[in-house]
Amino acid sequence: MPTTTNPTFAGNQPRIFLSYARKDGEGFARDLRKRLTEPEDPSQPKFSLWQDRTQMEGGKDWWDQILEALKHVEYMVLVMTQAALVSPIVRKEWRQARQEGVGVIPVFGQPDLDLSQLPRWMRDVHWVDIDVPEQWKRFIRTLESPHQGTRVPFMADDLPTGFVPRHKEFEELAGSLLDPLLEEPIAITAALKGAGGYGKTTLAKALCHDERIQDVFHDGILWVTLGEQPNTVAGLTKLYAALTEKRPNFVDEEDASARLAEVLGDKDCLMVIDDVWNAAHLRPFLRGGKRCARIITTRDSGTLPETARLRVPVDAMQKKEALALLTFDLPANDLANAETTALQSLAARLGGWPFLLKLVNGALRERVNTMRQPLSAALVYVQKALEKRGLTAFDARNPVERNQAVAATLTASFEHLQEDELARYQELAIFPEDVEIPLMAIAKLWDATGGLDDLDTEELCTRLNQLSLLLSYDPTTQRIQLHDVVRTYLEEQVASHLPALHGQFLDAYDLKDEPAKAAQDPYLCSYIAYHLVKAERWEELKKLLLNVDWLYAKLEALDVPALLSDFDWIQSEKIFSKVQGAIRLSAHIVGKFHPQLVGQLLGRLQTLKSSEIQAFLGQAKRWKKLPWLRPLQGNLIAPGGPLIRTLSGHSASVRALAVTPDGTRAISAAGDATCKVWDLASGEELHTLRGHRDWVNAVAVTPDGTRAISAAGDATCKVWDLASGEELQTLRGHRDWVRAVAVMPDGRRAISASNDETCKVWDLASGEELHTLRGHGDWVNAVAMMPDGRRAISVSNDETCIVWDLTSGEELQTLGGHRDQVRAVAVMRGGTRVISTSVDHTCRVWDLASGEEVATFTGESSILCCAVAPDGRTIVIGESSGRVHFLRLEGVD
């Protein structure tokens, strides 16, 4: 039995949780605790630990106390012994610690432990041997420091009340995700396919709650529910936030998908993508995560990607499983042979369909447990009710008969509701699918339609849950959720009244005079546009989206993506697309500084002459909610113009820029000794790469887009991991400024150019210098790779260009003809010709086969940079005067 520390957190709050197996770790843990709380060395700090199980508060469950402790401490010191290796409670503790964001530090409690069966994350972290002085010192320094780790997400809901395991489907799915020998995860994409209400989601939840799955997918269990009309960006944002504890302002699906793929990296995660209706909705969740397994639940196998090789059908329950679900919470002593036979027959008639079984179970429990009716009489009632409604031959494979079965079974359950209760239940159809609905919002609706107050609402929801008419009901969080099969049925029942019901719900909030008050209610803030559309109140929606107070209030309450999504309902009208476009262009600013929203709108829209836009801007100019700077002229680029994003954040001049091959990120290098990684869709700064001690002059990206190499005035190059922002290598060897860097097509090597008159070839994995290329007689200003990866060309202040063999490090060619410093070089398509530009005002094209100059263009000032367009023939050059020239190479094959 593992133990831990003090449940009372008053005063000096403990920061350390000590976990061990009582069987063989108690003595070691006692000595360790004494060393930490009563150190012999007076210079060592004294720590406060959560105390042993023997000192827990009486009458409180020990696991509840452990959970409470893990919410407050920063570190778990895990004493690892033979017993701890196999203890399910120790594993439960460290899983919970990681989900709470607690740092887990494993300590050797015994020698010669076999760690091969531990999760990969634990094998990879630094273990502490407290008998080694240096390790003890580092251990103490760690415990003194604040823990900076993030929580390991666990996003799956609890299993439903009355859960019945489905062993066949579960083991097939679990077996596909677990390596039985190594206990390592298998990163597959699997699918659970079946009709609505057959238990796909519940089976996926059960998988997430399996401790073997949690152990191997130790970087997190992720969950997103899509539904028929999903907000894909919101779903991607939810997953990203769970992994990073940051909530970025993604502006579109591509942006969010790319960023999620980036943070998944090589994490061992399990991602459940629940209730998929459309393949297009699924694709953004399938990017990246080479060690991430994905479970997809769907009704339609046509939505599944080719990578979903394992497809587990979820159909009727086995007879024993169906009977267990049908008899949940019924008195065992009432289950005589006759009743068991009748129940088995009823389960068969219900097609082994969990949804119907649970509904009928709710009706039986109502009669037996609440009305005190004998089970035999309750069974007679249910059988008659179902026969009366037409459920005499239920074919689980027939969609029409399935729908009839839903109607018949729900109607049988409705017999236990009074007329007004049934009306209130049907009104729940106005809420969006797959949404947890707050009781506060339901109370607003039911007060308007039936005069129910908060207490009445809670009592009715409790009753609906008892009858299994709700998918879930959590009295703690005060939220319910409908099964989508039920919601569809209810929508059909009240279809003609839906617009009026949505209208009554909206009117209950009394927002006509102050629509911005909607932002004060978390549910309404998210879904007011949805309800206005369903109420067919298009004019109200238009006024809302042009209400500056509302735009600011929603931005404050939620984020930029949520604000932008409201405009999707009405994007076809020009004024709304322009306002949405202006917000999108300003996302990088207003996402961080909300008060700038109104000024940004004015700065971007004032040049537009539309009377509707000008009326909107007139309202914006009168905005007085807080101090702000109002642009008197529209000097910011309007939506639809050439500006796509603005990236700002450096404190000195930007000297170089590179873009990842997929076009989603940019890396800038600046005179402030940093590089920054940017998201090009949102304009958000992802990382600041710190480590250089002088200007960063150049940056290049590896072909796979995972790493960047920077070159700086401190005579070094550095290799960076773009996902984490961490420094991987420092390349040392140059004796002066490094001015340029290029990466070879294989991504394994790079070449740098320096003021020390050399270029160097580097191994990016080891940081080893492979060659020093000597031949220039002055600063080397630029270098470019040939497409074959075997050659490179460098240019120098010595007025020459040199072609190098990168395998041998030998000089192959010297191209001479410039009459002053050569500042830039680029390679044309195919690698047979190169361009060089110089302070001598010329741009020259060279043929590498002959070494001859092919063509020359002379400008009016020094030509400092050049590039080749994707067509391979168009050349772009920039002069020191600020002029940019576009040139086309003509007269050659």
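By convention here, the first residue in the shown sequence is residue 1.
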A.B. asks: For residues Met80 and Leu118, report the shortest heavy-atom separation together with the two atoms involved.
C.D. replies: CE-CD2, 4.3 Å
A.B. asks: So, Asp568 versus Gln580: side-chain donor-acceptor pair below 3.5 Å or not?
C.D. replies: yes
A.B. asks: For the residue pair Phe154 and His209, is the inter-centroid distance of their aromatic rings smaller than 6.0 Å?
C.D. replies: yes
A.B. asks: Using side chain to side chain contact (heavy atoms under 4.5 Å, CB included), reason through Cys269 and Leu243 one step at a time and then give a plain yes or no.
C.D. replies: CA-CA 10 Å; Cys269 291; Leu243 287 166; 4.1 Å; yes
A.B. asks: Scan residues 275-290 for pairs that pass salt bridge (charged side-chain N to carboxylate O under 4.0 Å, His left out), counting only residues two or more places apart or in two chains.
C.D. replies: Glu254-Arg287
A.B. asks: Any donor-acceptor pair under 3.5 Å linking the side chain of Gln214 with the backbone of Cys208?
C.D. replies: yes
A.B. asks: Please identify each residue that fulfils side chain to side chain donor-acceptor pair (under 3.5 Å) with Glu74, with sequence neighbours left out.
C.D. replies: Arg15
A.B. asks: For Arg311, I'd like to know if atom CZ has over 12 heavy atoms of other residues, nucleotides or ligands within 6.0 Å.
C.D. replies: yes
A.B. asks: Please list, chain by chain and in numerical order, all residues satisfying side chain to side chain donor-acceptor pair (under 3.5 Å) with Trp94, sequence neighbours excluded.
C.D. replies: none
A.B. asks: What side-chain hydrogen bond (donor to acceptor under 3.5 Å, both in side chains) pairs are there with at least one residue in residues 658-667, not counting sequence neighbours?
C.D. replies: Glu262-Arg665, Thr660-Asp662, Asp662-Thr664
A.B. asks: So, Thr298 versus Trp277: side-chain donor-acceptor pair below 3.5 Å or not?
C.D. replies: no
A.B. asks: What I want to find out is whether Asp763 reaches Arg748 closely enough, with some N-O distance under 4.0 Å, to be called a salt bridge.
C.D. replies: no
A.B. asks: Do any pairs count as a salt bridge (charged side-chain N to carboxylate O under 4.0 Å, His left out) and have a residue in residues 190-210, sequence neighbours left out, and if so which ones?
C.D. replies: Asp210-Arg212
A.B. asks: What pairs with Arg749 under salt bridge (charged side-chain N to carboxylate O under 4.0 Å, His left out), at least two apart in sequence or on another chain?
C.D. replies: Asp746
A.B. asks: Determine, stepwise, if the pair Ile295 / Leu173 fulfils side chain to side chain contact (heavy atoms under 4.5 Å, CB included).
C.D. replies: CA-CA 9 Å; Ile295 304 298; Leu173 188 58; 3.8 Å; yes
A.B. asks: So which atom in Pro787 and which in Gly830 form the shortest heavy-atom distance, rounded to 0.1 Å?
C.D. replies: CG-C, 4.2 Å
A.B. asks: For Val314 and Tyr198, work out which heavy atoms get closest and say how close.
C.D. replies: CG1-O, 3.3 Å
A.B. asks: Mind checking what makes salt bridge (charged side-chain N to carboxylate O under 4.0 Å, His left out) contact with Arg151, not counting sequence neighbours?
C.D. replies: Glu100
A.B. asks: Kindly write out the residues that satisfy side chain to side chain contact (heavy atoms under 4.5 Å, CB included) with Val152, not counting sequence neighbours, or none if the list is empty.
C.D. replies: Arg98
A.B. asks: Counting distance only, does the side-chain N/O of Glu727 pair as donor-acceptor with the main-chain N or O of Gly691 below 3.5 Å?
C.D. replies: no
A.B. asks: Thinking salt bridges, do Arg291 and Asp268 make one under a 4.0 Å N-O criterion?
C.D. replies: yes
A.B. asks: Which residue, Arg95, Lys92, Arg91, forms the salt bridge (Lys or Arg N to Asp or Glu O under 4.0 Å) with Glu211?
C.D. replies: Arg95
A.B. asks: Restricting to non-hydrogen atoms, name the atom on Pro284 and the atom on Glu253 that form the minimum distance, rounded to 0.1 Å.
C.D. replies: CG-OE2, 3.2 Å
A.B. asks: Name all residues meeting the ring-ring contact (aromatic ring centres under 6.0 Å, His included) criterion together with Phe285; count only those two or more places apart in sequence or in a different chain, and write none if there are none.
C.D. replies: none
A.B. asks: Check whether Asn697 reaches the backbone of Val738 with its side chain - one donor and one acceptor, N or O, closer than 3.5 Å.
C.D. replies: yes
A.B. asks: Who passes salt bridge (charged side-chain N to carboxylate O under 4.0 Å, His left out) against Arg299, sequence neighbours left out?
C.D. replies: Asp484
A.B. asks: If you take all heavy atoms of His692 and Ala712, which pair is closest and at what distance?
C.D. replies: ND1-CB, 3.2 Å
A.B. asks: Could you list the residues that satisfy ring-ring contact (aromatic ring centres under 6.0 Å, His included) with Trp569, not counting sequence neighbours?
C.D. replies: none
A.B. asks: Answer yes if the side chains of Thr225 and Asp434 hold a donor-acceptor pair under 3.5 Å, and no otherwise.
C.D. replies: no
A.B. asks: For Asp566 and Ala529, indicate whether the former's side chain and the latter's backbone hold a donor-acceptor pair under 3.5 Å.
C.D. replies: no
A.B. asks: Donor-acceptor check, side chain of His687 to backbone of Ala723, threshold 3.5 angstrom: yes or no?
C.D. replies: yes
A.B. asks: Of all the heavy-atom pairs spanning Gly789 and Pro745, show the shortest one and how long it is.
C.D. replies: CA-CD, 3.5 Å
A.B. asks: My understanding is that only residues two or more places apart in sequence, or in another chain, count here; which of them pass side chain to side chain contact (heavy atoms under 4.5 Å, CB included) with Thr688?
C.D. replies: Thr674, Lys676, Glu685, Arg690
A.B. asks: So does Ser257 get a backbone contact from the side chain of Tyr240, meaning a donor-acceptor N/O pair under 3.5 Å?
C.D. replies: no
